[in-house]
A.B. asks: 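What follows is a structure written as structure tokens; I'll ask about it next.
The figures here come from the full heavy-atom set of this structure, side chains too, leaving out hydrogens, waters and symmetry mates. Lettering of chains follows the sequences in order, A, B, ..., and the numbering in each one begins at 1.
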2 protein chains.
Amino acid sequence: MATESVPGTDPRVPLSRERVLRAAVKVADEGGIKSLTMRRLAEHLGAEAMSLYYHVANKEEVLDGIVDVIAGEINDVAGRIDVPSEGAGWKKAVRERILSAREVLLRHPWAPGVFETRTAMSPAVLRYHDALIGLMRDGGFSYDLAHQAMHALGSRALGFSQELFKPGDGAGAEKASAMFESMADQLPHLVGMMMEVAHDDPDSTLGWCDEQAEFEFGLDLVLDGLDRMRETA
Amino acid sequence: MATESVPGTDPRVPLSRERVLRAAVKVADEGGIKSLTMRRLAEHLGAEAMSLYYHVANKEEVLDGIVDVIAGEINDVAGRIDVPSEGAGWKKAVRERILSAREVLLRHPWAPGVFETRTAMSPAVLRYHDALIGLMRDGGFSYDLAHQAMHALGSRALGFSQELFKPGDGAGAEKASAMFESMADQLPHLVGMMMEVAHDDPDSTLGWCDEQAEFEFGLDLVLDGLDRMRETA
DNA sequence: GGCCGAGACTTACCTTGTAAGATCGAGTGC
DNA sequence: GCACTCGATCTTACAAGGTAAGTCTCGGCC
């Protein structure tokens with residue numbers, strides 16, 4: 001096999017932890033997290049699976065790594081925000097920061113699932129949380145209240161929270177909606193709710209939620225509650 | 001091989017979807033969700049892996065199934081609650097229901113992770129949500145507000161929400177806390193918060209949270225916000 | 001007895017993560 | 001120029017795991 005400067009493909013770019021992790025994100029973006037296997041990842045890099053193990057200890061470390069990459073991306077976007085966070089400004093600043101996290105995660109739909117499995121201690125995630133707490137401090141929060149606030153926000157702090165029903169893929173969704181219809185009489189409130197709320201987007205049976213609006217509603221509910229506590233403190 | 005009535009082991013209890021799913025929960029309870037493989041599950045049932053496929057289509061269906069089993073357990077516990085939900089009582093009723101969900105999930109620590117991956121449409125989960133909405137209706141919620149409320153609660157409605165830092169297993173936790181210390185100067189707020197809040201449980205570096213308290217704090221924050229909206233509606 | 005079908009078993013294949021060792025190539029000292 | 005070293009990559013191989021396909025085994029019924 002002639003190795004000397006193959007013309008078409010890039011000639012021998014060395015691997016590196018950085019390159020491996022960035023490629024992993026790309027693979028997941030293209031084919032979902034299930035498609036991220038060591039072999040496929042290597043293929044994407046023009047290398048063999050085992051070569052990756054020189055740069056990462058194992059697949060777990062790849063997953064830890066891509067969380068850090070994504071969190072870094074979030075920090076980049078959030079870092080460009082420039083709104084005052086002193087006093088009452090804290091709420092807007094926190095809101096913006098969280099919404100930029102969400103914006104990034106919407107570009108990587110597989111990422112929330114990975115974050116959740118990670119028992120996260122990624123440096124970038126730590127920095128993200130630290131900055132959030134900082135904004136609350138600017139708003140006059142005690143550390144104790146900030147601590148409670150972080151828990152109250154939960155996964156919403158990172159820009160996601162479990163959606164109630166995701167339509168999912170074709171076959172499963174079809175069976176699910178059939179099942180739902182057969183149970184309709186046992187679910188009066190759910191059905192009632194759907195009947196009333198399903199006006200704007202009447203084509204899909206279950207995906208009638210404007211997820212962005214729901215997300216912001218929940219976020220604001222929490223932020224408003226915290227703001228009230230902050231004021232009476 | 002003599003098949004006729006082996007004395008020690010139970011003599012030929014037939015498999016069934018029910019039995020398979022219940023065994024799956026037990027396996028996950030004992031060894032974590034990673035230990036739930038078709039072969040191990042079969043072994044637990046005194047059968048061969050492939051025999052399970054007569055009762056469930058594939059492993060995905062096992063996972064769907066155990067979500068339903070757990071949700072059924074939640075419904076059983078929640079069904080025994082008997083507090084009035086009319087008018088202002090809604091909040092207590094919802095609170096109790098959610099806390100019993102949490103109680104069940106704490107007995108199955110692997111379950112939240114499975115719920116999250118499920119694109120859930122399990123009958124029992126639907127019934128659970130339906131009942132929650134019903135309680136809100138009793139409290140005078142419009143369907144629209146109830147809908148927003150469900151999203152605001154997010155995964156908290158099911159009795160869990162992502163914990164910020166889980167200590168995890170020994171080796172990982174050790175490396176994580178070393179990394180944390182090396183970054184401490186870049187995380188002033190996080191460190192400040194820990195210093196102040198870490199009084200009650202000073203032995204563990206990171207697991208200083210009373211998770212139950214945090215959970216209830218966030219839950220109440222949301223419920224109180226909703227209650228205010230309900231009254232002004 | 002012969003048939004049949006539900007339910008369980010056997011075999012075998014493919015994908016995945018990864019351990020162990022071979023190889024390759026750019027420096028480096030001689 | 002040549003051997004030696006060592007970081008980086010490739011080869012080979014294996015153990016789990018999910019599951020497709022086919023086989024065996026009864027108990028009930030004609």
Side-chain angles (χ1 to χ4, degrees), chain A residues 1-6 9-24 27-28 30-67 110 113-114 117-118 169 171-172, chain B residues 1-6 9-24 27-28 30-67 110 113-114 117-118 169 171-172:
Chain A
M1 289 293 160
T3 325
E4 68 274 4
S5 79
V6 184
T9 58
D10 79 279
R12 202 135 298 279
V13 180
L15 290 178
S16 73
R17 187 185 159 83
E18 263 324 277
R19 237 164 68 77
V20 168
L21 297 181
R22 293 199 179 284
V27 170
E30 285 169 13
I33 196 65
K34 294 280 282 297
S35 82
L36 178 59
T37 70
M38 297 304 272
R39 291 184 224 269
R40 219 177 322 261
L41 177 51
E43 196 182 354
H44 244 73
L45 289 160
E48 296 303 311
M50 288 315 288
S51 306
L52 307 180
Y53 284 84
Y54 190 82
H55 304 277
V56 294
N58 49 36
K59 188 175 181 182
E60 284 293 289
E61 203 173 295
V62 172
L63 294 175
D64 287 344
I66 62 182
V67 162
W110 47 269
V114 181
T117 64
R118 277 312 86 196
D169 51 351
Chain B
M1 291 293 154
T3 324
E4 69 272 3
S5 79
V6 184
T9 58
D10 77 280
R12 202 131 302 280
V13 181
L15 291 179
S16 73
R17 185 184 161 85
E18 264 324 278
R19 237 164 69 78
V20 168
L21 297 181
R22 293 200 179 285
V27 170
E30 285 169 14
I33 195 64
K34 293 280 282 298
S35 81
L36 177 58
T37 70
M38 296 304 272
R39 292 185 224 266
R40 222 184 313 267
L41 177 51
E43 196 182 353
H44 244 73
L45 288 160
E48 296 302 311
M50 289 313 289
S51 306
L52 307 180
Y53 285 84
Y54 190 83
H55 302 278
V56 295
N58 48 37
K59 188 174 181 184
E60 283 293 288
E61 202 173 295
V62 172
L63 294 175
D64 287 343
I66 63 183
V67 163
W110 47 269
V114 182
T117 63
R118 278 311 87 197
D169 52 350

A.B. asks: Is A:L36 close to A:I33 at the side-chain level, that is, under 4.5 Å between some pair of heavy atoms?
C.D. replies: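 Side-chain contact under 4.5 Å: yes.
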
A.B. asks: Could you state the atom-to-atom distance from CG of B:L36 to P of D:dG17 in whole Å?
C.D. replies: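 Computing the B:L36:CG to D:dG17:P distance gives 11 Å.
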
A.B. asks: Take A:M50 and A:K34, find for each the nucleotide of DNA chain C with the closest heavy atom, and name the residue whose nucleotide sits nearer the 5' end.
C.D. replies: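 The residue closer to the strand's 5' end, by nearest nucleotide, is A:K34.
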
A.B. asks: Tell me the interatomic distance from A:R39, atom CZ, to D:dA13, atom P, rounded to whole angstroms.
C.D. replies: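 Taking CZ of A:R39 and P of D:dA13, I get 14 Å after rounding.
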
A.B. asks: How far apart are the closest heavy atoms of A:A47 and A:L15, and which atoms are they?
C.D. replies: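 Shortest heavy-atom separation between A:A47 and A:L15 comes out as CB-CD1, 4.0 Å.
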
A.B. asks: Whole Å only: how far is the CG atom of A:L52 from the P atom of C:dT16?
C.D. replies: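 Spelled out: CG on A:L52 to P on C:dT16 is 14 Å.
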
A.B. asks: Between A:S51 and D:dC10, is there a contact of a side-chain N or O with OP1 or OP2 at under 4.0 Å?
C.D. replies: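 Checking A:S51 against D:dC10: at least one side-chain N or O falls below 4.0 Å of OP1 or OP2.
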
A.B. asks: Any idea which of D:dT9, C:dT16, C:dA12 is nearest the A:L15 side chain?
C.D. replies: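 Among D:dT9, C:dT16, C:dA12, the one nearest the side chain of A:L15 is D:dT9.
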
A.B. asks: Considering only C:dT18, D:dC10, D:dA8, which nucleotide approaches the side chain of A:A47 most closely?
C.D. replies: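 From the listed options, D:dC10 comes nearest.
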
A.B. asks: Grab the CD1-P distance between A:I33 and C:dG17 for me, whole Å please.
C.D. replies: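 Taking atom P of C:dG17 as the reference, CD1 of A:I33 is at 11 Å.
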
A.B. asks: Give a yes/no answer on whether the side chain of B:Y54 brings an N or O atom under 4.0 Å of OP1 or OP2 in C:dG7.
C.D. replies: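 Checking C:dG7 against B:Y54, a side-chain N or O does come within under 4.0 Å of OP1 or OP2.
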
A.B. asks: In this structure, how many angstroms lie between the C1' atom of D:dT25 and the CD atom of B:E48, rounded?
C.D. replies: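 After rounding, the gap between these two atoms is 15 Å.
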
A.B. asks: Nearest-Å distance, CG (B:L45) to C1' (C:dG7)?
C.D. replies: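 These atoms are roughly 14 Å apart.
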
A.B. asks: Which whole-number value in Å describes the distance from B:Y53 OH to D:dT19 P?
C.D. replies: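 Roughly 4 Å, once rounded to whole Å.
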
A.B. asks: Rounded at 0.5 Å granularity, tell me how far OG1 in B:T37 sits from NZ in B:K59.
C.D. replies: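 Rounded to the nearest 0.5 Å, the OG1-NZ separation comes to 6.5 Å.
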
A.B. asks: Kindly point out which of C:dT16, C:dT18, D:dT19 is positioned nearest to the side chain of A:R40?
C.D. replies: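 That would be C:dT16.
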
A.B. asks: Between C:dG7, D:dT19, C:dG17, which one does the side chain of B:K59 approach most closely?
C.D. replies: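 Output: D:dT19.
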
A.B. asks: To the nearest Å, how far apart are B:H55 NE2 and C:dC9 P?
C.D. replies: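 Spelled out: NE2 on B:H55 to P on C:dC9 is 10 Å.
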
A.B. asks: With respect to the side chain of B:A49, which nucleotide from D:dT19, C:dG17, D:dC10 is positioned closest?
C.D. replies: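 Per side-chain heavy atoms of B:A49, the pick is D:dT19.
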
A.B. asks: Looking at CD of B:E60 and CZ of B:R118, how far apart are the two atoms once the value is rounded to the nearest 0.5 Å?
C.D. replies: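 Rounded to the nearest 0.5 Å, the CD-CZ separation comes out at 4.5 Å.
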
A.B. asks: Between A:L52 and A:V62, does the side-chain contact (heavy atoms from CB on, under 4.5 Å) criterion hold? Intermediate values first, please.
C.D. replies: CA-CA 10 Å; A:L52 307 180; A:V62 172; over 6 Å; no

